[in-house]
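Naming: A, B, ... by sequence-line order, numbering from 1 per chain. Please read these numbers as outputs of a predicted model, since none were measured by experiment.
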Number of protein chains: 2
Amino acid sequence: MNSIPMRELHPGAVPEMLALLGVCVDPGQKLPDMPLAERRIRAGQSLFFEGAPATSIYVVRAGTFKAFHTAEDGYEQVFGFARRGDLLGCDALSGDCHLMGTVALEDASVYVVALPDFYALAQSLPAFHRGVMRAVSGAMVDLTQLADMMAAVASEVRLARFLVHLSRRMSIGGQPSTFLHLLMTRRDIGSYLGVAHETISRSFAALAALRLVKVNQREVEILDLAGLQGFAQGTRTPVKASFGTAVAGLRPGRVLALAA
Amino acid sequence: MNSIPMRELHPGAVPEMLALLGVCVDPGQKLPDMPLAERRIRAGQSLFFEGAPATSIYVVRAGTFKAFHTAEDGYEQVFGFARRGDLLGCDALSGDCHLMGTVALEDASVYVVALPDFYALAQSLPAFHRGVMRAVSGAMVDLTQLADMMAAVASEVRLARFLVHLSRRMSIGGQPSTFLHLLMTRRDIGSYLGVAHETISRSFAALAALRLVKVNQREVEILDLAGLQGFAQGTRTPVKASFGTAVAGLRPGRVLALAA
DNA sequence: CGCGCGATTGAAGCGACTCAACGGCAGTGG
DNA sequence: CCACTGCCGTTGAGTCGCTTCAATCGCGCG
């Protein structure tokens, strides 16, 4: 139950972690050769539980995680998906325990940085500090974009924003970005976007009917990224519905059954 | 246009800023007496604009700010409200420019910390670093709670969560926490919670009809905080609607017109 | 092989959006 | 001093999309 699944020490892993955090450092610079604990998580396993005391922060090395919160009545609210280079556990720095749990959606690996080490490392290594601030700021941007997705009125627009978001995150990793392997269930996406999971299914069908994507279970291919981005622009009632300046024509307010 | 409204140097303001960030420091410890720029913002004025290059981060000393993003079609999405002790401008640390603008809802005052100074200060003063991490983590928690509010199905529940959230934030400042002076408009709240501003009006009326709050324009008095919190628990379909364990009885799924 | 879970699709009800009108308040300028 | 003009807040009525409940199908795993 409380046995740590797997843990090994990586001497000299600091450079890799800095690379994960997206900071460049002079090749000749002396780096503290602090050994870092690595922890491997199997798909479906939990990295840390909601309510657990904050002991460390984590840098995702491989795999994908889902961060969520479980209400008293059992409803599970998903707050985000973390991938390589993301920071996990920062929500506990302002309190004393984690406000959300984390499970791996696929086999994963993280660097575990104990809180004292974390502060010491940031103190002795400015590059690490900048990397952490970068990552934390990125997490805030992600949460902001989550609010932006949930702010969209139409569920198809929410899903379109989600797919564009995923595609963008993939592309900065250098990958194709038009083929998406969704590791989360429809229910997870629905919780993330604030709609029922059946609505996610229907929205996928709607986007597919518009020839914007091709969907087969969890395999999603973006057929028209520009069109999808235009579609994702749809917002709540603008100040003055300014058609005429529309980018390409695909800018639906509510009309989209015409393509069925 | 580009003239900074007001700016003065505060020698020895570092201790106050540390207090704002919620860190305790030994009274005898030597603090770098770095002069800090203070900037005063009048109500309705902007602290920084969306898209502006990131030059500094800001610590709110007094007043209230609204952070928002304006879409191409003019729709304004509100992402949060910042108060004393909050950090502003962190969203730009991962990119190079601000992703959202900030306006003061009342006369306000902030400490301006230029980015180089920011990193230098965090380097030389661990307490500042911890304070920043605390504040940043708190901002992430706020964004998480925003997602939580928007996840509620019923608009009255969203508003109830918002009021509970505000009350909690007030109470940590030591203030009464049952009287709320809303500085934002109904439209701002609606944008924040993802509903139309008319719905906010109606939801206020509904909560007032349930005797949970008393509302008069922007003056809100919480009559039954426990009841409001119970009401705010209402979520999307739980795994198994478990009545019987309800706290007090006020746990509505959809029924609330019965008290009109 | 059967069980359970995820995904899809259908049908029905209702709640929020939208458009609209009205009263109140503040700031402005004649 | 007082119209005038926005903006904010409230309330009403109608439409429509999402939720909810339900059934079905496919797939992986014990």
Side-chain angles (χ1 to χ4, degrees), chain A residues 42-44 66 75-76 78 105-106 150-159 181-191 193-209 214-220 234-241 252-258 260, chain B residues 42-44 66 75-76 78 105 149-159 181-191 193-209 214-220 234-241 252-258 260:
Chain A
R42 294 243 297 277
K66 170 181 80 169
Y75 180 73
E76 183 181 299
V78 176
L105 297 179
E106 60 184 335
M150 297 180 79
V153 266
S155 60
E156 300 90 359
V157 175
R158 295 194 195 195
L159 185 59
H181 250 10
L182 302 183
L183 294 114
M184 65 291 285
T185 69
R186 299 285 192 262
R187 188 175 301 270
D188 287 335
I189 303 175
S191 169
L193 297 180
V195 296
H197 71 275
E198 300 97 325
T199 305
I200 296 295
S201 266
R202 285 184 246 265
S203 300
F204 265 125
L207 293 183
K214 196 160 65 176
V215 183
N216 182 273
Q217 299 284 108
R218 300 194 184 176
E219 306 298 319
V220 177
T235 58
R236 203 169 291 269
T237 334
V239 281
K240 197 66 180 177
R254 285 288 182 179
V255 285
L256 45 88
L258 69 165
Chain B
R42 293 243 298 275
K66 170 181 78 169
Y75 180 73
E76 182 180 299
V78 176
L105 297 179
M149 294 179 212
M150 296 179 80
V153 266
S155 61
E156 301 89 0
V157 176
R158 296 195 193 193
L159 185 59
H181 245 24
L182 302 183
L183 295 116
M184 64 292 284
T185 68
R186 298 286 193 263
R187 187 175 300 272
D188 287 335
I189 302 175
S191 170
L193 297 180
V195 296
H197 70 276
E198 300 99 325
T199 306
I200 297 294
S201 266
R202 286 184 247 266
S203 300
F204 266 126
L207 294 182
K214 196 159 65 176
V215 183
N216 182 275
Q217 298 285 110
R218 300 195 184 176
E219 306 297 320
V220 177
T235 57
R236 200 170 293 268
T237 334
V239 281
K240 196 67 181 177
R254 285 288 182 180
V255 284
L256 45 88
L258 69 166

Is there side-chain contact between A:H181 and A:E106, with at least one heavy-atom pair below 4.5 Å? no
For A:H197, is there any backbone N or O sitting under 3.5 Å from a side-chain donor or acceptor partner on A:R187? no
Separation of C:dT8 atom P from A:L159 atom CG, nearest Å, is 11 Å
B:E219 atom CD is separated from C:dG24 atom C1', nearest whole Å, by 16 Å
Separation between CG (B:L182) and CZ (B:F204), nearest 0.5 Å, reads 5.5 Å
Is there a donor-acceptor pair closer than 3.5 Å between any side-chain N or O of A:S155 and the backbone N or O of A:S203?
no
(message) So B:G194, base contact, sugar-phosphate only, or nothing? Heavy-atom distance under 4.0 Å.
(response) sugar-phosphate
Output for pair (A:K66 NZ, A:T185 OG1), nearest 0.5 Å, gives 6.0 Å
Between OH of B:Y75 and C1' of C:dT18 the distance, given in whole Å, is 14 Å
The residue among A:V195, A:T199, A:L207 that forms side chain to side chain contact (heavy atoms under 4.5 Å, CB included) with A:L159 is A:L207
B:E76 and B:D188: CA distance, side-chain angles, deciding distance, side chain to side chain contact (heavy atoms under 4.5 Å, CB included) verdict
CA-CA 8 Å; B:E76 182 180 299; B:D188 287 335; 3.8 Å; yes
Please list, pair by pair, any protein nitrogen or oxygen found under 3.5 Å from a nitrogen or oxygen in nucleotides 9-12 of chain D.
from: D:dG9; atom 1: OP1; to: B:R218; atom 2: NE; distance (Å): 2.9
from: D:dG9; atom 1: OP1; to: B:R218; atom 2: NH2; distance (Å): 3.4
from: D:dG9; atom 1: OP2; to: B:R186; atom 2: N; distance (Å): 2.6
from: D:dT10; atom 1: OP1; to: B:R186; atom 2: NH2; distance (Å): 3.3
from: D:dT10; atom 1: OP2; to: B:R186; atom 2: NE; distance (Å): 2.8
from: D:dT10; atom 1: OP2; to: B:R186; atom 2: NH2; distance (Å): 3.3
from: D:dT10; atom 1: OP2; to: B:S201; atom 2: OG; distance (Å): 2.5
from: D:dG12; atom 1: N7; to: B:R202; atom 2: NH1; distance (Å): 3.1
from: D:dG12; atom 1: O6; to: B:R202; atom 2: NH2; distance (Å): 3.2

note: A:L105, atom CG; C:dC5, atom P; distance rounded to Å ~ 18 Å
Taking B:R186 for its side chain and B:Q217 for its backbone only, find out whether a donor-acceptor pair lies under 3.5 Å.
yes
Rounded to whole Å, CG of B:L193 lies from C1' of C:dA16 at a distance of 14 Å
Double-helix bend of the helix from C:dC1-D:dG30 to C:dG30-D:dC1, axes at both ends from 5 pairs, round to 10°, gives 40°
